[in-house]
There are 2 protein chains.
Amino acid sequence: MNISRASDYAIRGLVYMAKQPAGTVCYVKDIAKNTNSPASFMSKIFQTLAKSGIIDSFIGTKGGFTFNARPEDITIKKVVEIIDGPIVLNRCVVNKSSCQNAGNCDVHFMWADIQKMLTKALSSYSIADFATDKKGNMLPEAVQ
Amino acid sequence: MNISRASDYAIRGLVYMAKQPAGTVCYVKDIAKNTNSPASFMSKIFQTLAKSGIIDSFIGTKGGFTFNARPEDITIKKVVEIIDGPIVLNRCVVNKSSCQNAGNCDVHFMWADIQKMLTKALSSYSIADFATDKKGNMLPEAVQ
DNA sequence: CTAAATAAGATATGAATTATCTTTATTATT
DNA sequence: AATAATAAAGATAATTCATATCTTATTTAG
């Protein structure tokens, strides 16, 4: 019942990117350093984000990553789903055949309701929300 | 971002128990059969539930499990936490030192808020809720 | 006292998460 | 044009956790 380290790193990395001047090409090395995360792992994560289309990637010297979608359009739900896959609290919510009562019991309805609430909450936040506000800073002032 | 199979089995097993006449000693074999779950795995799960104190266990012939707490006092949150451990959406919510900004950023507040909402929801359901209602039946009528 | 039934506890397997290492592509420099 | 440097892409590895199964201990009935 938690998001993965990878999703956490992805969100932090994207927030870091969003705080740079629009159009800046960002390197994994810098993103990792500024978010205090392992660079090689971050590299794989940003590879996945690039494949999803929300960011663009450029290989070679002076390569790096830029936004392809607007930070305000990238919801936390979207990021989590790109990295961790679909949000499914219990498998009966998405696969009725895995439910002995064909998804027609109160337990099923509970999970479906809670999942709906959760995804709604995650959809209500975007990367931009954390990049614009002072409190969105991911590192103490001393480090920045 | 999901509950484990073990938690799902635990909930279903406890609901099955709650549907039996009060005080009935239930065997893992029956619980597993009636909830369509692997008996040996269910055995381990009920061992954990017994250790937590919400059920009692009796070894040997005519042994088995009975409730130690009232089904209406056993919340879904409690069951999930016994089996899967504490609900922590992101580690910064519970361990501020894992947050680069000492848990003082908007991202942290988001996770803390969503987690609060989630645990509140899980606390609002009890095992009894699914045992009394007809729709709470975990198996189609044909199988019962 | 023996056998059967039952939970408890130890061990095993497999998948997912969390990484690291190697390769490929691009650019800048000479 | 060749070479070196830089950066992402892709392949591989290690670790952890979920999901079980197998063996042992305990109790009761006959």
Side-chain angles (χ1 to χ4, degrees), chain A residues 1-13 17 24-33 35-66 68 80-91 98, chain B residues 1-13 17 24-33 35-68 80-88 90-91 98:
Chain A
M1 191 73 99
N2 53 38
I3 62 159
S4 65
R5 291 284 72 226
S7 280
D8 183 52
Y9 291 154
I11 292 166
R12 285 199 248 161
M17 272 184 68
T24 304
V25 177
C26 298
Y27 314 134
V28 160
K29 206 176 67 176
D30 291 337
I31 298 170
K33 194 181 354 176
T35 57
N36 229 24
S37 46
S40 45
F41 191 20
M42 197 58 127
S43 168
K44 183 123 189 265
I45 292 165
F46 267 68
Q47 210 173 307
T48 304
L49 293 174
K51 273 185 188 154
S52 81
I54 66 169
I55 57 176
D56 279 328
S57 70
F58 306 95
I59 210 173
T61 302
K62 299 284 170 187
F65 298 92
T66 58
N68 193 31
V80 170
E81 290 195 321
I82 289 167
I83 303 295
D84 290 348
I87 293 168
V88 177
L89 279 188
N90 196 16
R91 67 182 180 195
S98 76
Chain B
M1 189 73 99
N2 53 36
I3 62 159
S4 66
R5 294 280 76 225
S7 279
D8 183 53
Y9 292 156
I11 292 166
R12 287 199 246 159
M17 274 185 68
T24 304
V25 177
C26 299
Y27 313 134
V28 159
K29 206 176 65 178
D30 292 338
I31 298 169
K33 193 178 359 174
T35 57
N36 228 24
S37 46
S40 47
F41 192 21
M42 197 59 126
S43 168
K44 182 127 190 263
I45 291 165
F46 267 67
Q47 208 173 308
T48 305
L49 293 174
K51 272 183 189 158
S52 81
I54 66 169
I55 57 176
D56 278 329
S57 71
F58 306 96
I59 211 172
T61 303
K62 299 282 171 191
F65 297 92
T66 57
F67 278 108
N68 193 31
V80 171
E81 289 196 322
I82 289 166
I83 302 296
D84 290 348
I87 293 169
V88 177
N90 196 15
R91 69 180 178 194
S98 76

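Here is how names work: the chains are called A, B, and so on, in the same order as the sequence lines, proteins then strands, and each is numbered from 1.
Counting non-hydrogen atoms under 4.0 angstrom, B:Phe46 reaches nothing in the nucleic acid. Looking at heavy-atom distances under 4.0 Å, B:Tyr27 makes contact with sugar-phosphate atoms alone, never a base. Across all strands shown, A:Ser4 has heavy atoms under 4.0 Å from sugar-phosphate atoms exclusively, and none from any base.
With DNA chain C read from its 5' end, the first of the two nearest nucleotides for A:Gly63 and A:Pro38 is the one closest to A:Pro38.
Residue B:Lys62 places none of its side-chain N or O atoms closer than 4.0 Å to OP1 or OP2 of D:dG30. Residue A:Lys29 places none of its side-chain N or O atoms closer than 4.0 Å to OP1 or OP2 of D:dA8. The shortest distance between the side-chain N/O atoms of B:Tyr9 and the OP1/OP2 oxygens of D:dT19 is not below 4.0 Å.
The base of C:dT20 lies outside donor-acceptor range of the side chain of A:Ser40, with no N or O pair under 3.5 Å. Between the side chain of B:Ser43 and the base of C:dA7, no donor-acceptor pair of N or O atoms lies under 3.5 Å.
Nearest to the side-chain atoms of B:Phe41 among the listed nucleotides C:dT18, D:dA20, C:dA8 stands D:dA20. Which of C:dA19, C:dT26, C:dA8 sits closest to the side chain of B:Ser57 comes down to C:dA8.
Taking both residues in full, the closest heavy atoms of B:Pro86 and B:Glu81 are given as CA-OE2, 3.9 Å, listed atom of the first, atom of the second, then distance.
Formation of a donor-acceptor pair under 3.5 Å by the A:Asp84 side chain with backbone atoms of A:Ile3 is not found in this model.
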